[in-house]
Protein chains: 2
Amino acid sequence: MEKYEKYIEILKKNGMKVTPQRIDIMKYLDEHRIHPSAEKIYSDLKEDNPSLSKTTVYNTLEALSEHHIIQILTISGSELRYDFKTTPHHHFMCKKCGAIIDIDVDCPYLGKFMGMGHRIDEMHGYFKGVCKDCLEKEGRGENPLKTEMNIVSEV
Amino acid sequence: MEKYEKYIEILKKNGMKVTPQRIDIMKYLDEHRIHPSAEKIYSDLKEDNPSLSKTTVYNTLEALSEHHIIQILTISGSELRYDFKTTPHHHFMCKKCGAIIDIDVDCPYLGKFMGMGHRIDEMHGYFKGVCKDCLEKEGRGENPLKTEMNIVSEV
DNA sequence: ATTTTATTTTGTAAATATTACAATTTGAAA
DNA sequence: TTTCAAATTGTAATATTTACAAAATAAAAT
Ligand SMILES: [Mn+2]
Ligand SMILES: [Mn+2]
Ligand SMILES: [Zn+2]
Ligand SMILES: [Zn+2]
């Protein structure tokens, strides 16, 4: 795995200095599409680079997101999660196991919102519930949404 | 303003004890549809009830959300915001002034997601940008989304 | 109306995530 | 090679949320 060129390219294209920490963090996000937290990125990368600072992780994530190289997900509510993929897509979070997975659809409402006069910079579609794997382990249980809206299709 | 009956009804219907603090918090959320934070609810209500505890605010918000009397928004990323309205709708947050406003649309993807085998309990549509008012004060500026996807309609 | 009891409220302390800051290091331009 | 703005590091501070135990109280039982 010696493919750093990809990340160096991206950094240079954005006028950012190329540092080993930035390359490591980008590579980690690119190869771990689980939308990890800053803490997970830090603790995993620290194994191979013990001098890595948590502040560097936060600084880097902030810088990358400002350049739209990564996007920040607020789906969890307790910690920010980071996504190497910046093209619009939705996310599902399992409240049992914490997994966050991509849902590849694009939102049909963007045009409508633009017409309201606001400037839209980001859009996030978040769904929360219990994932297929967890359901198979623990049973399907109740679906709170069903009581409050009409479900289009049931599995 | 002596309409506590509404909130008492809701609490009783959900098998929750009726307390003045819970009534105050529900009434506040019902009458302040700005999706306030726990801190804002606390500091505003504390003026009329100086013995109110912040823990009570958090406990109450947690209890109300578990009974689906309110919903929790993770749109901000730095603090949770609370919404008395629980029927599905989207939100827009202005990154300049912090305002969060309702967008009344419903998501056409719910059926598709259900078909994937996950149990969906919540859905959140979050849009972020700069609101109309802030734009009029400070100019429209750049729209980062425009570079990454095709905008359907521009104002 | 009084007693009883499980629940709620309260205040403080602890936990967690994130940011601020100053000293040191370093990437890259000169 | 020298220079220097920018990045990294470690620590301290901040902010939000949760844990916990004692006191208060809503509501059920008497
Ligand atoms: Mn994603
Ligand atoms: Mn709302
Ligand atoms: Zn799961
Ligand atoms: Zn605004």
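Chain A is the first sequence line, chain B the second, and so forth, proteins listed ahead of strands; every chain is numbered from 1.
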Dump the pairs, protein N or O against N or O of nucleotides 1-4 of chain D, anything under 3.5 Å, distances to one decimal.
none

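Within the structure, every pair that satisfies the salt bridge (charged side-chain N to carboxylate O under 4.0 Å, His left out) test and touches residues 74-89 of chain B, not counting sequence neighbours, is listed here: B:Glu79-B:Arg81, B:Lys85-B:Asp102, B:Lys85-B:Asp104. The salt bridge (charged side-chain N to carboxylate O under 4.0 Å, His left out) contacts involving residues 45-71 of chain B comprise B:Glu39-B:Lys54, where partners must be two or more places apart or lie in separate chains.
Partners of B:Lys128 by salt bridge (charged side-chain N to carboxylate O under 4.0 Å, His left out), not counting sequence neighbours: none found. In this structure, the ring-ring contact (aromatic ring centres under 6.0 Å, His included) partners of B:Tyr28, at least two apart in sequence or on a different chain, are B:His32. Judged as a side-chain hydrogen bond (donor to acceptor under 3.5 Å, both in side chains), and not counting sequence neighbours, B:Tyr58 has no contacts. Checked against ring-ring contact (aromatic ring centres under 6.0 Å, His included), B:Phe92 has the following partners two or more places apart in sequence or in another chain: A:His118. Remark: B:Phe84 engages no residue in a ring-ring contact (aromatic ring centres under 6.0 Å, His included) (not counting sequence neighbours).
In this structure, B:Lys12 places its NZ atom 11 Å from C1' of D:dA26, rounding to the nearest Å. Here D:dA26 presents its P atom at 14 Å from OH of B:Tyr4, a figure rounded to the nearest Å.
In the hydrophobic clustering (ILVMFWY side chains linked at under 4.5 Å, chained through shared members), A:Ile34 stands by itself. Under the 4.5 angstrom side-chain criterion for Ile, Leu, Val, Met, Phe, Trp and Tyr, the cluster partners of B:Leu73 are A:Leu73, A:Ile75, A:Met93, A:Ile100, A:Tyr126, B:Ile75, B:Met93, B:Ile100, B:Tyr126.
Running 5' to 3' along DNA chain C, contacts with non-hydrogen atoms of chain A at under 4.0 Å begin and end at C:dA17 to C:dA28.
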Readout for nucleotides 8-18 of chain D: B = base within 4.0 Å of protein heavy atom, S = sugar-phosphate only, - = neither; 5' to 3' it is BBBB----SBB
Practice prompt. Please assess B:His91 against B:His35 for the test ring-ring contact (aromatic ring centres under 6.0 Å, His included), listing each intermediate value before the final yes or no.
Written response: CA-CA 10 Å; B:His91 293 94; B:His35 314 92; 4.6 Å; yes
